[in-house]
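Okay, structure first, notes after.
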Amino acid sequence: MKLLKLSLSVFALMLFSFSTVSCEEKKKSENINHETEMKNNETHDHEQMDISSMDHSKMNMQKSEKMKLIITSYLQLKNALVADDSKEAAIASKVLYGTLKDFDISGYSREDQKELTDIIEDAAEHAEHISDNPIDHQREHLLKLSEDMVDMIAIVGSDRTLYQTNCGMYNDGQGAIWLSETKEIRNPFYGSKMLACGVVQKEI
Amino acid sequence: MKRRWKYILGVLILGLAGVQFIPTSLNRSNILPKEDIINAYNAPKEIVIILKKSCYDCHSNNTKYTWYSRLQPVRWLMEKHIREGKEELNFNEFASYSTRRQRSKLRSITDQIKDGEMPLKSYLIIHGEAKLSKVEKAILIDWAGTLRDSI
């Protein structure tokens with residue numbers, strides 16, 4: 001009984017004091033955040049300096065190589081969804097996430113750099129969502145990701161012919177596009193449910 | 001036997017008292033920044049009410065805490081939810097996102113509401129009032145769509 005009484009009073013004391021403890025903690029964590037932000041900025045500067053001293057043609061080659069990887073992993077992801085394979089889609093989206101994050105935007109005009117930063121940020125976020133969600137959710141993100149891919153290819157270019165295909169039914173009849181390596185329609189938004197739904201809009 | 005139960009209860013209470021020391025911070029701010037979606041896009045009153053009631057606890061810098069959500073271990077769980085929620089989408093910073101990301105988020109908002117994914121079921125267990133009615137869903141989806149086309 002003694003122990004019970006003792007612990008109850010300790011508990012009451014704790015409750016009384018917990019709000020003051022947390023306020024101080026908050027201040028501390030804000031300071032830490034600020035410091036890490038500053039450190040991040042520094043490393044960014046260093047990276048940019050290294051790149052600017054690199055040979056230009058070598059850089060362009062590396063870029064098209066990296067874009068090739070991005071497109072390949074996007075197509076793998078798309079094909080996994082065509083096959084209703086959520087697991088495979090998750091794996092491909094992880095690869096895609098890595099290749100997107102790895103893409104170097106230096107060497108482009110300032111305008112293109114801004115656009116590419118925005119596209120990559122957005123596309124990487126979609127890839128992240130696809131990697132840990134059920135198939136319906138993966139498909140919703142493929143819609144947005146595909147639009148990002150079209151815009152990115154418009155700036156960076158593609159190593160292969162791609163077909164921009166539209167499925168007018170998906171997205172509540174508002175339509176949704178995807179990129180395919182073949183003219184043959186194989187719908188990643190519906191998979192086996194409606195494999196042939198779609199029209200090729202243009203060749204890229 | 002009786003003594004043993006008292007002992008266990010005592011240890012439990014002591015343990016609960018102990019975990020109150022887990023350091024956490026409260027997600028609170030009285031400022032509605034100009035980058036906030038409500039301010040930046042002049043959200044109509046009914047949208048403001050819905051957003052604050054059902055979304056802002058986890059997707060803004062200001063959470064309305066209930067008394068028990070200030071206690072551990074509930075508070076610790078809440079902190080995790082809020083951190084993840086804000087990372088995904090912080091309405092307070094909405095207008096500072098790139099236009100592309102804003103459009104993308106608005107589309108995700110629509111998708112998540114339509115699919116009944118948001119607000120999270122685990123959150124609704126404690127916050128029943130945050131549940132969106134059919135009408136509220138329709139209003140929110142309509143507004144998100146219009147806003148997406150306008151930015």
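All chains are named by letter (A, B, ...) in the order of the sequence lines, taking the proteins before the strands, and each is independently numbered beginning at 1.
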Other residues, nucleotides and ligands only: do more than 12 of their heavy atoms fall within 6.0 Å of CD on A/Gln174? yes
Residue B/Lys52 excluded, over 12 heavy atoms near NZ under 6.0 Å: no
Is it the case that over 12 heavy atoms from other parts of the model lie below 6.0 angstrom from the CZ atom of B/Arg100? yes
For the CZ atom on A/Arg110, are there more than 12 heavy atoms of other groups (residues, nucleotides or ligands in this structure) within a distance under 6.0 Å? no
For the candidates B/Glu117, B/Lys114, B/Arg103, which exhibits the highest count of non-hydrogen atom pairs separated by less than 4.5 Å from chain A? B/Lys114
Output the residues of residues 117-147 of chain A for which the shortest heavy-atom distance to chain B is under 4.5 Å, in residue-number order; output 'none' if no such residue exists. A/Asp118, A/Ile119, A/Glu121, A/Asp122, A/Glu125, A/His126, A/His129, A/His137, A/Glu140, A/His141, A/Leu143, A/Lys144, A/Glu147
Assess whether atom CD of A/Glu111 is packed by more than 12 heavy atoms of other residues, nucleotides or ligands within 6.0 Å. no
With only heavy atoms counted, which part of B/Ser108 is less than 4.5 Å from chain A, the side chain, the backbone, both or neither? both
